[in-house]
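Just so we're on the same page: letters track the sequence lines, and every chain starts at 1.
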Amino acid sequence: METVVRVAVPIPAYRCFDYLAPAGVPLESLLPGVRLSVPFGNRIRVGYLIAVVETPGCEVERLRPAGAVLDAEPLLSETDLKLLRWAARYYHHPLGEVIQSAFPVHLREGRGAELARPSGLVLTPAGAALDPATFRRAPVQRRLFEILHGRERPLPASRLAELAGSGRTVRDAARRLVERGWAEWVDLQDRRIPAVVGSPLQLNPAQLGAVDEISANLGRYGVFLLEGVTGSGKTEVYIEVIRRVITRGEQALVLVPEISLTPQLERRLCERIEAPLAVFHSGLSETERAAAWLGFQKGEVGVLLGTRSAVFAPMRWPGVIILDEEHDRSFKQQEGFRFSARDVAVMRARMADIPLVAGSATPSLESIRNVQRGRYVRLVLPARAGAAVAPRYRVLDIRARRLQDGLSEGLIAAMHDTLAAGDQVLLFLNRRGFAPALVCHGCGWVARCRRCDANLVLHARESRLRCHHCAAEHGLPGCCPSCGQEDLRPLGVGTERVDEALRRLFPEVGVARIDRDSTRGRRSLERMLERVQQGEVGILLGTQMLAKGHHFPGVTLVGILDVDAGFYSTDFRAAEHTAQLIVQVAGRAGRGEKPGTVLLQTRHPDHPLLQRLLRDGYPGFAAAELAERESACLPPFGYQALWRAESKELALSMDFLARLREEADGKNGAVHWLGPAPAPMPRQAGRYRAQLWLKSARREELHAVLTDALARLQETPERRVRWSLDVDPVDFY
DNA sequence: AGCACGCCGACT
DNA sequence: GTCGGCGTGCTC
């Protein structure tokens with residue numbers, strides 16, 4: 001009897017495929033988690049071995065032999081695989097695709113694990129003897145030379161990119177140095193985490209207490225919610241915990257919500273931790289990603305700093321997982337395999353028996369609730385002496401006030417005062433472009449997207465109308481396409497418009513606008529932030545990009561231009577999100593002597609949640625919002641799933657979901673159904689979208705219904721409708 | 001997801 | 001007559 005292996009193939013199907021084991025491969029090589037190349041249809045694919053099975057799931061005659069085992073040893077440990085299987089079940093996503101998502105592209109495509117070796121750059125003796133003046137006409141090479149000169153250990157290839165304008169430039173410079181015999185690549189392969197780590201930090205009692213409590217738990221599962229405002233020193237706690245983990249010969253996985261937050265955290269980690277560190281995010285080349293991933297997998301990299309997708313990177317010696325800005329929604333993947341890196345990280349810590357440290361100034365209500373239930377340990381860092389004092393909030397009632405391009409007189413006056421005192425101002429508006437609509441004053445025509453149920457956004461400087469929901473882009477019409485009048489007016493305010501107004505109102509003052517449009521270039525964000533730090537800029541204006549990570553000690557006045565947009569929304573999480581945004585933006589400001597002031601422009605100054613936030617701070621707001629969630633049985637008190645459908649016709653999408661509901665309805669009284677209903681924006685990019693909402697007080701019941709419905713869907717698939725299932729959705733678009 | 005197979009419309 | 005549209009079924 002021949003050996004049969006069960007293989008997860010990365011296709012959108014909820015089943016595995018069985019193969020005859022490749023000829024001549026001993027049984028002990030057929031370990032769960034190894035990659036195999038398998039014939040699939042008329043192509044060769046990379047699949048993942050799940051198990052050796054006794055009885056195949058189909059007739060033996062149909063079995064084809066697998067091509068080859070690609071790994072001498074599995075790159076995924078049993079725990080890794082267990083986590084991935086859990087994730088596939090929990091998110092109801094096909095196992096093959098889930099496993100695939102754990103691998104960098106090179107490994108998905110079947111390349112050998114030994115090809116992408118982590119390498120580092122060192123100076124040769126000849127190079128070390130050089131004079132910096134040698135590089136008079138090669139600034140990048142010179143910079144690289146100076147960095148290498150000041151280092152004892154090799155500079156990992158993965159860190160080259162951050163050194164100058166573009167990764168390409170530094171890479172070229174490195175190659176030149178090597179060509180001339182002044183530097184060489186060395187293999188970081190056999191380097192283990194050195195036991196010697198950098199000097200300990202000076203910690204205050206609260207930080208020390210937090211570190212002690214976490215480290216008392218090393219080697220055990222535990223979730224610690226590290227709560228502290230900006231500047232309270234969460235990063236030092238992370239660093240010290242990581243130091244202790246490294247000292248034990250274990251590894252740390254550090255997750256941040258966005259690429260833009262990696263450089264500064266990386267710098268701080270490198271200063272203090274003398275263990276190889278690698279970053280892992282979508283800004284790297286595939287070769288770099290594979291190197292970082294494999295380095296961590298092999299245990300050569302002590303600290304892996306990455307975004308969402310790094311949550312599945314295998315750890316040879318699991319030590320700790322750090323989840324920075326735990327509340328951030330970017331941890332939720334919004335397409336394909338829609339997992340929450342936060343929730344996966346918690347499950348991973350549990351399976352690996354290691355602690356997880358989740359930090360935030362504004363924790364998610366889910367995490368606060370878990371503290372209340374005794375599942376998480378709350379550790380609070382009070383604001384440090386010498387750090388920013390809590391800001392003062394003031395509401396600017398803008399009812400019946402004329403705004404000047406989104407700015408009230410009160411705000412403008414406060415800005416003048418602040419700037420006169422030599423301080424900086426930060427303005428927050430979560431809407432990019434010049435104006436969110438272009439209307440005809442004559443007939444009321446509005447510029448709409450042809451393919452979406454949305455207005456086109458005016459980008460005045462580039463004279464373009466753009467749809468923010470699809471790729472549509474148009475030039476500006478000279479006159480109204482409907483009535484021919486030449487009186488088209490921008491309606492509403494975006495950052496570009498405020499930018500223009502500021503330059504008019506404060507001609508002497510430097511303005512930096514930070515949004516997706518103004519920071520397109522590769523290092524433009526960094527450059528702009530530098531200008532702000534150096535005081536060349538008086539007014540800082542931006543979207544939520546501003547709310548993340550960066551601190552601006554020179555800012556003492558924060559203006560939030562449109563609070564209401566967030567508090568009035570159909571999304572039940574909108575209030576939570578807005579409160580987090582307000583507190584996060586407010587936290588960017590202020591310094592020792594000078595507390596910051598936060599001005600909130602609103603037409604609803606009496607909104608209870610806003611009032612609660614201003615009176616009792618984020619914890620008070622969270623308590624109130626949790627009470628509301630509880631009475632409405634919304635998360636974290638109830639569980640949800642959102643079934644989305646899109647197709648060429650709305651009726652098709654609606655009917656598909658209606659069928660799902662009909663077939664399952666009534667079978668489980670514990671699950672409530674809402675819909676199907678058209679999505680908040682029913683038409684996007686020419687496709688019609690509908691959604692079906694499932695809620696239940698009991699998670700298992702919800703999952704049983706989903707499993708059941710998916711099984712039926714496998715039997716009678718509907719091919720004209722593209723659908724996706726979102727477990728624990730955070731956005732309801 | 002791909003890919004082949006098959007059945008209907010407008011083209012060299 | 002056939003080129004190609006995409007609905008349907010299948011992949012061990």
Side-chain angles (χ1 to χ4, degrees), chain A residues 1-25 27 29-70 81 84-85 87-88 91-110 286 309 333-339 643-657 659-660 685-688 710-726:
Chain A
M1 174 83 183
E2 279 187 275
T3 315
V4 176
V5 288
R6 184 144 297 162
V7 178
V9 184
I11 55 161
Y14 291 81
R15 62 200 175 104
C16 288
F17 294 85
D18 292 344
Y19 289 87
L20 299 172
V25 175
L27 198 61
S29 302
L30 300 173
L31 294 168
V34 296
R35 296 173 300 150
L36 298 152
S37 64
V38 292
F40 192 76
N42 52 6
R43 293 158 24 104
I44 302 286
R45 308 242 13 202
V46 172
Y48 308 94
L49 197 150
I50 298 303
V52 175
V53 292
E54 297 288 313
T55 40
C58 67
E59 307 84 77
V60 186
E61 309 80 65
R62 289 177 66 196
L63 294 179
R64 297 165 78 182
V69 176
L70 300 175
L81 211 50
L84 291 163
R85 298 179 79 148
Y91 291 105
H92 297 275
H93 200 80
L95 182 60
E97 292 195 338
V98 169
I99 297 178
Q100 173 170 256
S101 76
F103 285 94
V105 167
H106 281 178
L107 297 172
R108 289 177 197 178
E109 289 171 351
E286 278 308 328
S309 56
Q333 177 122 59
Q334 293 291 18
E335 82 251 317
F337 171 30
R338 297 170 177 256
F339 66 96
W643 216 310
R644 296 185 170 87
E646 72 168 63
S647 66
K648 289 189 299 186
E649 282 170 71
L650 186 58
L652 218 53
S653 302
M654 293 282 285
D655 290 349
F656 166 75
L657 294 174
R659 191 192 108 199
L660 280 180
R687 309 204 30 108
Y688 289 86
L710 281 168
R712 252 193 315 276
L713 208 50
Q714 290 302 294
E715 284 163 28
T716 45
E718 168 60 76
R719 305 194 48 116
R720 288 174 297 174
V721 177
R722 263 235 300 269
W723 56 267
S724 72
L725 180 55
D726 195 345

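Aromatic ring pairs are classed by plane angle as parallel below 30°, tilted from 30° to 60° and perpendicular above 60°; the pair Trp723(A) and Trp643(A) is tilted.
Between Leu63(A) atom CG and dT11(C) atom P the separation is 12 Å, expressed in whole Å. One can place CG of Leu652(A) at 15 Å from P of dC6(C), the figure rounded to the nearest angstrom. The interatomic distance linking Tyr14(A) (OH) with dA1(B) (C1') rounds to 13 Å, in whole Å. Between the CD atom of Gln714(A) and the P atom of dA1(B) there is a distance of 12 Å, given to the nearest Å. As rounded to whole Å, 16 Å separates atom P of dG7(C) from atom CZ of Phe656(A). Residue Glu649(A) contributes atom CD, which lies 14 Å from atom C1' of dG7(C) at whole-angstrom precision. Between Lys648(A) atom NZ and dG5(C) atom C1' there is a gap of 10 Å when expressed in whole angstrom units. Rounding to whole angstrom units, CZ of residue Phe17(A) and C1' of dC12(C) are separated by 7 Å.
Partners of Leu652(A) by side chain to side chain contact (heavy atoms under 4.5 Å, CB included), not counting sequence neighbours, listed by chain and number: Ser647(A), Glu649(A), Arg720(A), Val721(A). Looking at residues two or more places apart in sequence or on another chain, you find a side chain to side chain donor-acceptor pair (under 3.5 Å) between Gln334(A) and Asp731(A). For Asp726(A), the side chain to side chain donor-acceptor pair (under 3.5 Å) criterion is met by Lys332(A), Arg338(A), Arg644(A), not counting sequence neighbours. In this structure Arg108(A) satisfies the salt bridge (Lys or Arg N to Asp or Glu O under 4.0 Å) test with no other residue, sequence neighbours excluded. Applying the side chain to side chain contact (heavy atoms under 4.5 Å, CB included) test to Arg712(A) and every residue at least two apart in sequence or in another chain returns Glu663(A), Ala664(A), Lys667(A), Asp708(A), Ala709(A).
The residue Pro39(A) sits close only to the backbone: its heavy atoms come under 4.0 Å of sugar-phosphate atoms, none of a base.
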All N/O donor-acceptor pairs, side-chain side in residues 58-70 of chain A, below 3.5 Å, sequence neighbours left out:
| residue | atom | partner | partner atom | Å |
| --- | --- | --- | --- | --- |
| Arg64(A) | NH1 | Gly41(A) | O | 3.0 |

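Of the residues in residues 18-25 of chain A, those placing a heavy atom less than 4.0 Å from an atom of DNA chain C are Asp18(A), Tyr19(A), in numerical order.
Shown here for Tyr19(A) and Pro39(A), the closest heavy-atom pair between the two residues is OH-O, 2.8 Å.
Listed by first then second residue, pairs satisfying side-chain hydrogen bond (donor to acceptor under 3.5 Å, both in side chains) with a partner in residues 36-46 of chain A number zero, not counting sequence neighbours.
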Self-check item: Contact pattern, 5' to 3', of nucleotides 2-9 of chain B - B, S or - by protein heavy atom under 4.0 Å
Solution: BSS-----
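Phosphate contact (OP1/OP2 of dT11(C), side-chain N/O of Arg62(A), threshold under 4.0 Å): present.
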